[in-house]
Protein chains: 2
Amino acid sequence: MSDTSHRRERLRERTLTEIKDLARAQLVASGPSGISLRAIARDMGMTAAALYRYVPALDALVIELCTDLHNEVRIACEAARDADPDPDPVRRLLVMARELRRWALEHRPEATLIFGPPLPGVEQFHQQCDDLQCAGAQLGQIFVAPLLELWQAGRLPRVPHVDLDRLAGALPAHGELPIEVTAVFLTSWIRLYGVLAAELFGQLTWAATDTEPLFEAELAFFAAQVPPTAAAAAAPSAATLNESRPQDRPEPASL
Amino acid sequence: MSDTSHRRERLRERTLTEIKDLARAQLVASGPSGISLRAIARDMGMTAAALYRYVPALDALVIELCTDLHNEVRIACEAARDADPDPDPVRRLLVMARELRRWALEHRPEATLIFGPPLPGVEQFHQQCDDLQCAGAQLGQIFVAPLLELWQAGRLPRVPHVDLDRLAGALPAHGELPIEVTAVFLTSWIRLYGVLAAELFGQLTWAATDTEPLFEAELAFFAAQVPPTAAAAAAPSAATLNESRPQDRPEPASL
DNA sequence: CAGCGAAAGTAAACACCGTTCACTCAAATG
DNA sequence: CATTTGAGTGAACGGTGTTTACTTTCGCTG
């Protein structure tokens, strides 16, 4: 019956999660390159070949681990956002960004895996990631949402230095987002990623031992860019709520 | 005689560079994890054990490769800087930053090795890197120099969102640099690193296919922050040339 | 309930990898 | 010339991913 076969499937899924749990334990213990099918099988009291009943290859296991971690950090950020009663989009962005950093520093090996360079063979993952369903995109998406709110409220920060026309030509097809929102998201996300990755990869050990002031400065800078709620109406150009607000972008400074 | 022994040393150094060249070729071909002593020995027509006469371990070889690459990209940036006649520090910074990006994108595997997370066993390298002699610090240093020039000219951008007191407590001992210069360098360096690393590690493949507009926007933003030369005297507070210019930092916005 | 068939697991093998040890051989040194 | 030093070899140990053929176990069905 389907009932008993469900049992089988449940058993199968149970061992599969056991595999992934052990893989994560190895990731934590020995870094991304420390994940080993043979060691997992050893810990499970099995043969390495048996794992191939559950996982097509080591790369695929790492890829699955990557998506799981992406989802985990996204859920953590969502939880932090929902735990804060303040509905202000800026506040939400800051809360989520701090949670992102907290999670990354508390799970350095995991964060290194998903934010670092793709391991050989895992590159296909990042390339197949260009649809919104991808876990990585979903993580970014929860930061896009508050920006969209800001845009709808006419409070989107200006990004006068971004060549919007050129950027628009470099976006994937699924760009139903206003180009200004995309530009603000990308610049802010990149800065968030930069301070996080630099800390995570020890790129600043020679220059600074504590990068939290730099992280907080990045957040403060972003927050300062957002016009306050009251100023939305005080803006000279009519910033209506739901209409596309054409950004007045000055001539790009010749460099 | 010392003459003949010098010949021996030269031979030794020649094979050592051959080893490193082959290691780099493997890095280019197969990524950081593709560097293999056995493959190097195979390419050289030798036994893997013979390589241990020249290199104590694989990790050490990778570390040496790292420092070589750090020096290479630094020299490339210096060359680009010196090729430009404009002595303006801002111009020099932009030229060097663009060269850094150009080098990284033209040598993606190498850039991934030095800008990505340290391989297990190579972490000690980044930790021993906290003295200025380190190649990584030297690379950063060539970006510090123009900032120091700007500071001396009273043109240093303000970083009102950085908690300078806390940052000062998180700096290594060798901080003979004014704290404002350090703050500007760190924030700018992190942003430069972020846009580069995000592109290098494919973190944005789902969001954008061409990140050059974002990179150029970061540069333009930095340049726009620097007060023009003429405005140095027009600044309200006396910005004398060589004196420490106490930065007027407003209350950090409560977030 | 017996038996069939699919799923799960095993053993062995292949081709790699880093590293070590004992050994040879040639070359530089005294 | 004898000797010491350095370079290189070959084999081995333990580790890795992956495949193949084989065996066992367990659920379903006749």
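Remember, predicted model here, so these are calculated numbers, not experimental data. So that the names make sense, note that chain A is the first sequence line, chain B the second, and so on, each numbered from 1.
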- Note on the structure: Protein heavy-atom contacts under 4.0 Å, written 5' to 3' over nucleotides 12-21 of chain C as B (base), S (sugar-phosphate only) or - (none), form the string -B---BBBBB
- Taken to the nearest whole Å, CZ/Arg14(B) to C1'/dA7(D) is 14 Å
- Message: Using whole Å, what does the distance between atom C1' of nucleotide dG17(D) and atom CG of Leu119(A) come to?
- Response: 14 Å
- Message: Under the rule for side-chain hydrogen bond (donor to acceptor under 3.5 Å, both in side chains), what residues qualify as partners of Asp21(B), not counting sequence neighbours?
- Response: none
- Task: Tell me, please, which residues at least two apart from Arg92(B) pass salt bridge (Lys or Arg N to Asp or Glu O under 4.0 Å).
- Result: none
- Phe185(A) ring centre to Arg191(A) NZ or CZ under 6.0 Å, with the angle to the axis within 45°? no
- Message: Could you tell me how far apart Glu9(A) (CD) and dA6(C) (P) are, to the nearest whole angstrom?
- Response: 16 Å
- Could you state the CE-P distance from Met46(B) to dA7(D), rounded to the nearest angstrom? 10 Å
- Send over the distance from Leu51(B) CG to dG6(D) P, rounded to a whole Å. 18 Å
- Got a sec, which residues hit side-chain hydrogen bond (donor to acceptor under 3.5 Å, both in side chains) with Glu18(A), two or more places apart in sequence or on another chain? none
- Query: What integer distance in Å separates Ile19(A):CD1 from dA8(C):C1'?
  - Reply: 12 Å
- So, with a heavy-atom separation below 4.0 Å from DNA chain D, the residues of residues 22-33 of chain A are none
- Item | Set of residues satisfying side chain to side chain contact (heavy atoms under 4.5 Å, CB included) with respect to Arg108(A), sequence neighbours excluded | Leu105(A), Leu200(A)
- Thr211(B): side-chain hydrogen bond (donor to acceptor under 3.5 Å, both in side chains) partners, not counting sequence neighbours: Glu199(B)
- Query: Taking only side-chain nitrogens and oxygens of Tyr54(B), does any of them come within less than 4.0 Å of OP1 or OP2 of dG8(D)?
  - Reply: yes
- Item | Ring-face cation contact, Phe115(B) with Arg101(B), 6.0 Å cut, 45° max | no
- Atom-to-atom span, CG of Leu11(B) to P of dT5(D) - whole angstrom: 20 Å
- Task: Please identify each residue that fulfils side-chain hydrogen bond (donor to acceptor under 3.5 Å, both in side chains) with Glu13(A), with sequence neighbours left out.
- Result: none
- Do the side-chain N or O atoms of Arg12(A) get closer than 4.0 angstrom to the phosphate oxygens (OP1, OP2) of dA8(C)? yes
- Rounded distance (Å) that lies between atom P of dA7(D) and atom CE of Met44(B): 12 Å
Which atom pairs, one a donor and one an acceptor, fall under 3.5 Å between side chains of residues 27-52 of chain A and the rest of the protein, sequence neighbours left out?
residue  : atom : partner  : partner atom : Å
Ser36(A) : OG   : Arg38(A) : N            : 3.3
Ser36(A) : OG   : Ala39(A) : N            : 3.0

- Task: Can you sort out the partners of Pro146(A) under side chain to side chain contact (heavy atoms under 4.5 Å, CB included), two or more places apart, ordered by chain and number?
- Result: Pro89(A), Leu93(A), Met96(A)
- Query: Between the axis at one end of the helix from dC1(C)-dG30(D) to dG30(C)-dC1(D) and the axis at the other (five pairs apiece), what's the angle to 10 degrees?
  - Reply: 10°
- Query: Excluding sequence neighbours, so at least two apart, what forms side chain to side chain contact (heavy atoms under 4.5 Å, CB included) with Ala217(B)?
  - Reply: His161(A), Val162(A)
